[in-house]
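Structure, as structure tokens:
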Protein chains: 2
Amino acid sequence: MGRSAVNVAGGKRGRITIHDVAAAAGVSISTASKALNETGRMSVETRERVKRIAGEVGFRPNALARGLLSKRSFTIGLLTNDTYGRFTLPVMAGISEALVDHGVSVFLCAIEDDPALGQTHVDAMLEKQVDGIIATGKRLDRQLPVDLSNLHVPVVYAFTEGTPTSVTFRSDDAQGARLAVEWLVKMGRRRIAHITGPEDFFSVRERAGAYRNVIGGEGVVMFGRWAEAWGHEAVAQIWSRQDEKPDAIFCGNDQIARGAVDALRERGIRVPEDVSVVGFDNWEIVAGQTRPPLTSVDMELKELGRQAGLTILALAEGRPVEPGVRKLPCRLVVRQSCGAQSPRR
Amino acid sequence: MGRSAVNVAGGKRGRITIHDVAAAAGVSISTASKALNETGRMSVETRERVKRIAGEVGFRPNALARGLLSKRSFTIGLLTNDTYGRFTLPVMAGISEALVDHGVSVFLCAIEDDPALGQTHVDAMLEKQVDGIIATGKRLDRQLPVDLSNLHVPVVYAFTEGTPTSVTFRSDDAQGARLAVEWLVKMGRRRIAHITGPEDFFSVRERAGAYRNVIGGEGVVMFGRWAEAWGHEAVAQIWSRQDEKPDAIFCGNDQIARGAVDALRERGIRVPEDVSVVGFDNWEIVAGQTRPPLTSVDMELKELGRQAGLTILALAEGRPVEPGVRKLPCRLVVRQSCGAQSPRR
DNA sequence: CTGAAAGCGCTTACAG
DNA sequence: CTGAAAGCGCTTACAG
């Protein structure tokens with residue numbers, strides 16, 4: 001008891017080591033180690049005493065020393081080229097949430113689209129003995145500008161293109177688009193248009209394909225830019241034509257949807273009474289501030305991050321994981337832009 | 001040469017250690033270590049040979065082992081309660097940019113406003129022997145829900161409230177507001193109103209105070225919420241009154257400014273011809289998409305992050321750092337909402 | 001100019 | 001039930 005107080009200050013640099021705990025408890029460091037780790041066999045009394053004293057002196061095991069032995073650093077790296085963070089932040093939140101209970105911390109490395117910077121960060125992670133790397137990005141059909149194959153540590157891809165033998169998590173954009181269009185149909189809409197982003201995006205083609213499947217025909221698909229201004233322009237184009245006007249618009253993302261809603265309002269067309277609008281991404285800052293707030297497809301990126309985190313953990317622990325692409329379902333978030341009814345999920 | 005190839009596979013687990021390099025080069029591990037670290041004295045020939053072979057076999061020093069000796073992990077933690085990332089991402093980018101060249105990696109920990117989660121993350125960081133912790137948040141007048149004093153590692157605060165003896169970086173909101181209002185004055189505006197957020201925010205009071213100082217009177221200050229809808233409402237209130245209308249509005253953030261601009265347009269009031277508008281935050285997604293795009297005050301959070309990073313590094317290396325609050329200047333980003341003229345900076 | 005030895009803080013067979 | 005010893009991968013005095 002009295003002796004423990006003497007050692008509270010710890011050795012040099014103020015850090016308390018297992019030696020201090022052992023000395024204070026009057027046992028060897030091996031016994032102290034086993035007591036704290038619930039391994040080995042010893043009297044309950046000894047184990048409890050060591051643990052109590054460790055708590056009293058504020059002992060915190062040095063993860064560096066531990067990692068040196070165990071070959072596990074309880075550290076992973078998250079690599080992203082999405083500097084703006086629109087997609088990376090929810091993914092990061094999911095990873096962190098899944099791993100914090102396992103004592104795993106996450107290095108975040110934003111590499112823009114700079115291969116040299118990417119290599120620097122990968123090298124730094126590897127030297128720090130990360131247990132694995134999760135690569136994430138801003139589009140499903142592009143790889144990060146770094147080579148992550150043959151790395152000696154497991155790699156998982158989330159919301160970015162992976163390699164054929166890796167495990168890759170992505171949103172099921174076709175299913176998400178289906179959700180949106182079927183919802184519009186269920187609201188009684190029959191003339192549904194689709195205003196979306198650049199056709200060279202894989203997800204744009206996926207979403208457009210699903211749109212066509214649901215409406216059972218060619219429909220009206222307008223490819224453009226990921227911008228509010230494009231939503232405006234597209235509405236102007238449609239309403240300047242002679243043909244019958246749509247009673248619903250499925251937009252490729254929330255920014256386009258916001259532009260479309262604003263353009264409709266400025267034309268005196270009511271949303272959702274005259275025209276229903278659905279967005280994609282469920283980006284709160286955009287969807288929530290639109291008048292009226294947008295019903296939108298959420299890609300569940302946090303859940304995607306969580307699964308990527310649990311997978312990298314499994315790989316790091318040597319548990320078997322089936323390689324391949326895993327599509328995660330999207331969810332429709334109902335606000336006011338399609339009418340008041342709530343989904344019957 | 002031939003021998004090095006034999007060792008490429010490394011020891012168990014495929015990792016190549018300094019033993020492999022030493023063996024391949026035919027020297028002792030001490031010599032290998034000194035050769036690689038440019039320390040000690042030896043023939044240039046030996047040093048070069050060791051370095052060449054290390055490169056050939058793909059040797060990567062184990063930072064865990066290194067850290068155990070040097071008491072430096074080349075790792076820092078970034079703690080934030082800003083889950084949305086609006087403020088944290090630029091800060092993080094600045095930190096990372098400043099430290100990557102020094103071989104330092106960053107653990108990102110989002111703790112929401114949960115003290116227990118905060119403690120868990122702090123404990124994890126401390127066990128991993130971080131060289132320091134940077135605390136950041138979403139407002140200048142609130143502390144994170146964790147106690148970071150008496151930590152045995154240096155702590156720096158950036159865009160969140162620190163402790164009296166710590167070093168804290170924050171934006172100079174008064175100077176930023178002055179920049180905005182002086183700009184409006186320079187554009188010939190004389191009746192400048194101020195629509196802003198909740199009065200209990202320190203930065204709201206700072207900005208309002210600077211506004212009053214520049215216009216030299218009480219002015220029109222309307223406190224409200226950080227939302228587009230509030231910008232709308234405030235404009236409606238002003239324009240429903242009998243008195244003379246403002247010819248400029250300085251808004252407390254970009255969302256309010258966007259709402260105000262939309263409300264003005266809907267009233268047939270032209271921006272910037274009839275009324276100039278300035279926002280605050282320079283949040284690209286809002287400021288850039290407003291019609292017309294917003295002139296806005298940028299808090300230079302990336303620079304703030306960079307300085308926080310360099311400071312924590314200095315502290316970690318034992319260099320002396322003056323404690324106290326450091327206010328960093330804001331910058332006015334000119335777009336189209338005040339007129340076409342560009343700043344004469 | 002080069003190497004043997006001690007040690008960073010811990011864990012884990014192996015003895016007793 | 002408990003402890004001495006070896007070792008994880010490196011660095012750094014200290015000898016030679």
Side-chain angles (χ1 to χ4, degrees), chain A residues 7 10-51 54 57-74 103 126-131 152, chain B residues 7 10-51 54 57-74 103 126-131 152:
Chain A
N7 286 294
K12 58 174 149 37
R13 279 217 29 158
R15 275 320 201 318
I16 289 146
T17 75
I18 200 169
H19 286 94
D20 300 308
V21 175
V27 295
S28 71
I29 58 162
S30 358
T31 300
S33 171
K34 279 175 285 195
L36 296 171
N37 291 305
E38 300 289 357
T39 57
R41 19 195 75 258
M42 70 191 67
S43 71
V44 182
E45 194 272 323
T46 305
R47 196 183 292 279
E48 288 308 316
R49 181 162 41 91
V50 172
K51 283 160 74 174
V57 300
F59 171 65
R60 226 184 278 280
N62 183 326
L64 266 34
R66 227 176 210 184
L68 203 51
L69 274 303
S70 68
K71 308 289 176 204
R72 290 264 277 117
S73 65
F74 290 90
L126 260 19
E127 292 190 1
K128 276 152 194 153
Q129 312 298 116
V130 291
D131 297 331
H152 284 159
Chain B
N7 285 294
K12 57 175 147 57
R13 279 219 27 159
R15 276 319 203 318
I16 289 146
T17 75
I18 199 169
H19 285 95
D20 301 308
V21 175
V27 296
S28 71
I29 59 162
S30 356
T31 300
S33 172
K34 278 174 285 195
L36 295 171
N37 292 304
E38 300 288 358
T39 57
R41 18 196 76 259
M42 71 192 65
S43 71
V44 181
E45 194 272 324
T46 305
R47 196 183 289 280
E48 288 307 317
R49 181 161 42 89
V50 172
K51 283 161 74 174
V57 301
F59 170 67
R60 225 185 278 281
N62 183 326
L64 266 35
R66 228 177 210 186
L68 202 50
L69 274 303
S70 67
K71 306 290 174 204
R72 290 264 279 118
S73 66
F74 289 90
L126 260 18
E127 291 189 2
K128 276 150 194 155
Q129 312 297 120
V130 291
D131 296 332
H152 284 159

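Sequence lines set the chain letters: A, B, ... in the order given, protein chains first and strands last, and positions in each chain run from 1.
In this structure, Thr46(B) does not reach the dC1(C) phosphate: none of its side-chain N or O atoms is under 4.0 Å from OP1 or OP2.
In this structure, the CG atom of Leu68(B) is 4 Å from the C1' atom of dC8(C), given to the nearest Å. Here dG3(D) presents its P atom at 13 Å from CZ of Arg47(A), a figure rounded to the nearest Å. Distance Glu127(B) CD to dG9(C) C1': 13 Å, rounded to the nearest Å.
Taking every heavy atom of both residues into account, Ala22(A) and Ala32(A) meet most closely at CB-CB, 4.0 Å.
Side-chain N/O atoms of Ser33(A) and Ser30(A) include no donor and acceptor closer than 3.5 Å.
Shown here are the side-chain contact (heavy atoms from CB on, under 4.5 Å) partners of Gln129(A), two or more places apart in sequence or in another chain: Ser73(A), Arg15(B), Asn62(B), Leu64(B). Looking at residues two or more places apart in sequence or on another chain, you find a side-chain contact (heavy atoms from CB on, under 4.5 Å) between Arg47(A) and Ala35(A), Glu38(A), Met42(A), Lys51(A).
Put simply, the side chain of Ile18(B) reaches to within 4.5 Å of the side chain of Phe59(B), judged on heavy atoms.
Judged by Watson-Crick or G-U wobble contacts below 3.5 Å, the nucleotide dA13(C) has no partner.
Formation of a donor-acceptor pair under 3.5 Å by the Asp131(B) side chain with backbone atoms of Phe74(B) is found in this model.
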Checklist line | Sugar-phosphate or base contact per nucleotide [nucleotides 10-16 of chain C; S, B, -; heavy atom under 4.0 Å] | finding: BBBB---
